[in-house]
Amino acid sequence: MKPTLSLPVIMRRLIMVLPALFSCLFCYGQAELRPDFEKAVKLLREENFREAEGAFSDVLGKATADKLKKHCFIYRAFCYNGLGEYKKAVSDLDRAIALDASDLASYIDRGKSKAYADDLEGAQKDFQYVLTKDSTEKQGQAALFYLARICGQQQQFVQAVRYYDRCLSLDANDAEPYFNRGASKNMLMDLAGEIKDYDAAIRLNPDYKEAYANRGVAKINLLTGKGNLKPTKKQTKEACEDLRKAKQLGDNAVDDMLFLYCDKE
């Protein structure tokens with residue numbers, strides 16, 4: 001299961017900034033727009049993207065404060081991402097960056113939108129720019145993560161592993177980079193390394209069904225790759241435990257592997 005750049009959980013950044021945002025965004029005037037802005041944010045959090053886009057556009061039509069306009073552009077870009085209108089999202093993030101070029105998170109957001117629009121070169125430039133400003137903190141970690149995912153899409157698996165290595169050196173407590181690095185190692189036929197990464201992903205997220213599935217398949221491939229084309233039930237015991245756990249957690253993609261290696265007498 002090769003990782004892809006799918007639509008993000010766009011609410012993550014939004015939810016993180018909201019507690020402080022409302023207390024400071026209207027400190028310097030235009031308090032009359034706060035109810036309209038909060039309504040737009042509520043629509044976005046509910047993933048009512050079209051109505052949220054219209055609501056943020058209404059606020060932008062009245063806003064004069066740069067900080068308010070910047071956040072409206074960012075959140076309207078999230079709406080466009082949710083609607084699949086990625087070029088519009090990029091345009092709004094261009095405008096947010098023009099208002100505040102020091103906010104590295106906006107470059108991360110723009111890089112992701114460019115990637116969704118299949119502008120991988122443009123996305124890489126944004127993520128690489130972030131690394132010139134932050135190579136050790138949160139935004140630098142995000143840049144490394146997305147650069148690794150793009151390398152995976154481009155089948156540059158050696159470079160993907162290197163980026164994941166750097167990402168995990170900054171934060172070893174996130175299951176997803178381990179899982180994705182394991183998938184890249186699979187493409188490099190490093191089955192033992194792949195299994196270790198799935199071990200780490202499962203340790204951090206015991207309900208990670210894809211990690212159980214991939215680990216089970218990797219364990220069987222480790223057996224069959226050595227010429228053991230019909231491993232015994234004893235030999236596949238651990239692999240089958242992983243596959244059954246994945247199935248239990250809702251991964252039906254393992255059915256064929258279960259039938260071939262686990263359910264036959």
Side-chain angles (χ1 to χ4, degrees), residues 3-127 129-130 134 138-139 141-143 145-147 149-150 153 176:
T4 59
L5 265 178
S6 58
L7 187 65
V9 181
I10 64 173
M11 313 314 300
R12 185 177 302 165
R13 180 181 174 193
L14 177 63
I15 291 169
M16 288 177 61
V17 301
L18 279 180
L21 178 62
F22 289 144
S23 63
C24 69
L25 194 55
F26 298 95
C27 293
Y28 305 104
Q30 296 206 273
E32 72 278 6
L33 295 181
R34 178 168 180 164
D36 292 340
F37 182 81
E38 289 181 347
K39 175 186 175 183
V41 169
K42 182 175 184 291
L43 289 168
L44 176 56
R45 295 181 74 168
E46 293 171 348
E47 301 187 19
N48 190 340
F49 299 122
R50 183 59 71 193
E51 288 194 27
E53 179 269 327
F56 283 118
S57 295
D58 288 343
V59 176
L60 276 166
K62 304 170 188 175
T64 58
D66 284 351
K67 180 176 281 191
L68 177 57
K69 289 194 286 186
K70 169 195 161 183
H71 281 90
C72 284
F73 282 129
I74 290 170
Y75 295 157
R76 192 172 70 176
F78 292 170
C79 297
Y80 286 135
N81 278 339
L83 293 167
E85 299 175 8
Y86 304 124
K87 291 184 178 179
K88 289 183 179 180
V90 171
S91 177
D92 269 3
L93 290 163
D94 287 343
R95 297 165 82 175
I97 288 169
L99 290 168
D100 182 4
S102 67
D103 185 357
L104 295 180
S106 294
Y107 291 91
I108 296 292
D109 290 332
R110 187 174 68 178
K112 290 189 287 186
S113 294
K114 288 179 179 178
Y116 309 143
D118 292 325
D119 178 12
L120 297 186
E121 183 179 355
Q124 287 173 312
K125 287 180 179 178
D126 275 339
F127 299 140
Y129 174 77
V130 170
D134 172 11
K138 180 178 178 182
Q139 300 307 328
Q141 181 187 348
F145 178 78
Y146 288 110
L147 283 167
R149 293 183 73 170
I150 288 174
Q153 278 190 279
E176 192 170 3

To the nearest 0.5 Å, atom CD1 of Ile150 lies from atom CD of Gln124 at 5.0 Å
- Please report the C-alpha distance between Tyr129 and Leu104 in whole Å, then the side-chain angles of each, then the deciding distance to 0.1 Å, and finally whether the side-chain contact (heavy atoms from CB on, under 4.5 Å) criterion is met. CA-CA 9 Å; Tyr129 174 77; Leu104 295 180; 4.2 Å; yes
Rounded to the nearest 0.5 Å, the CG atom of Leu83 sits from the CD atom of Glu53 at a distance of 7.0 Å
Q) Side-chain contact, heavy-atom cut-off 4.5 Å: Asp118 with Tyr86? A) no
Nearest heavy-atom approach of Ala115 to Ala123 is N-CB, 3.9 Å
| query | Is the count of non-hydrogen atoms from other residues, nucleotides or ligands lying under 6.0 Å from Lys69 atom NZ greater than 12? | reply | yes
Side-chain ion pair, Glu46 and Lys42, N-O less than 4.0 Å: yes
| task | Would you mind checking if Glu51 and Lys39 are paired as a salt bridge, meaning a charged N to carboxylate O distance below 4.0 Å? | result | no
Sorted by chain and residue number, the side chain to side chain donor-acceptor pair (under 3.5 Å) partners of Asp36 (sequence neighbours excluded) come out as none
>> Main chain of Gln139, side chain of Asp134: is a donor-acceptor contact present, judged purely on distance under 3.5 Å?
In response: yes
query: Distance-only, no hydrogens or angles: does the Ser91 side chain make a donor-acceptor pair with backbone N or O of Lys87 under 3.5 Å?
result: no
- Query: Salt bridge between Arg45 and Glu38, side-chain N to carboxylate O under 4.0 Å?
  - Reply: no
>> Under the criterion side-chain contact (heavy atoms from CB on, under 4.5 Å), I'd like the reasoning laid out for Phe127 against Phe145: C-alpha separation, chi angles, the key distance, then a yes or no.
In response: CA-CA 9 Å; Phe127 299 140; Phe145 178 78; over 6 Å; no
Using side-chain heavy atoms (C-beta onward) and a distance below 4.5 Å, is Val130 in contact with Ile108?
yes
task: Could you walk me through whether Glu85 and Arg76 pass salt bridge (charged side-chain N to carboxylate O under 4.0 Å, His left out), step by step?
output: CA-CA 11 Å; Glu85 299 175 8; Arg76 192 172 70 176; over 6 Å; no
_Walk me through whether Val90 and Tyr80 qualify under side-chain contact (heavy atoms from CB on, under 4.5 Å)._
CA-CA 9 Å; Val90 171; Tyr80 286 135; over 6 Å; no
What one should report as the nearest heavy-atom pair of Leu93 and Ser106 is CD2-O, 4.3 Å
Which of Ile74, Leu43, Asp92, Leu44 passes side chain to side chain contact (heavy atoms under 4.5 Å, CB included) with Phe56? Answer is Leu44
### Query
Is there a donor-acceptor pair closer than 3.5 Å between any side-chain N or O of Tyr107 and the backbone N or O of Ala101?
yes
Shortest non-hydrogen pair, Ala52 vs Cys79, comes out as CB-SG, 3.5 Å
Across all chains, not counting sequence neighbours, the salt bridge (Lys or Arg N to Asp or Glu O under 4.0 Å) partners of Asp100 are Lys70
Hey, can you pull the donor-acceptor pairs under 3.5 Å for the side chains in residues 58-66, sequence neighbours left out?
| unit_1 | atom_1 | unit_2 | atom_2 | d |
| --- | --- | --- | --- | --- |
| Thr64 | OG1 | Gln30 | OE1 | 3.1 |

Distance col, row Arg110:CZ vs Asp119:CG, nearest 0.5 angstrom, shows 10.0 Å
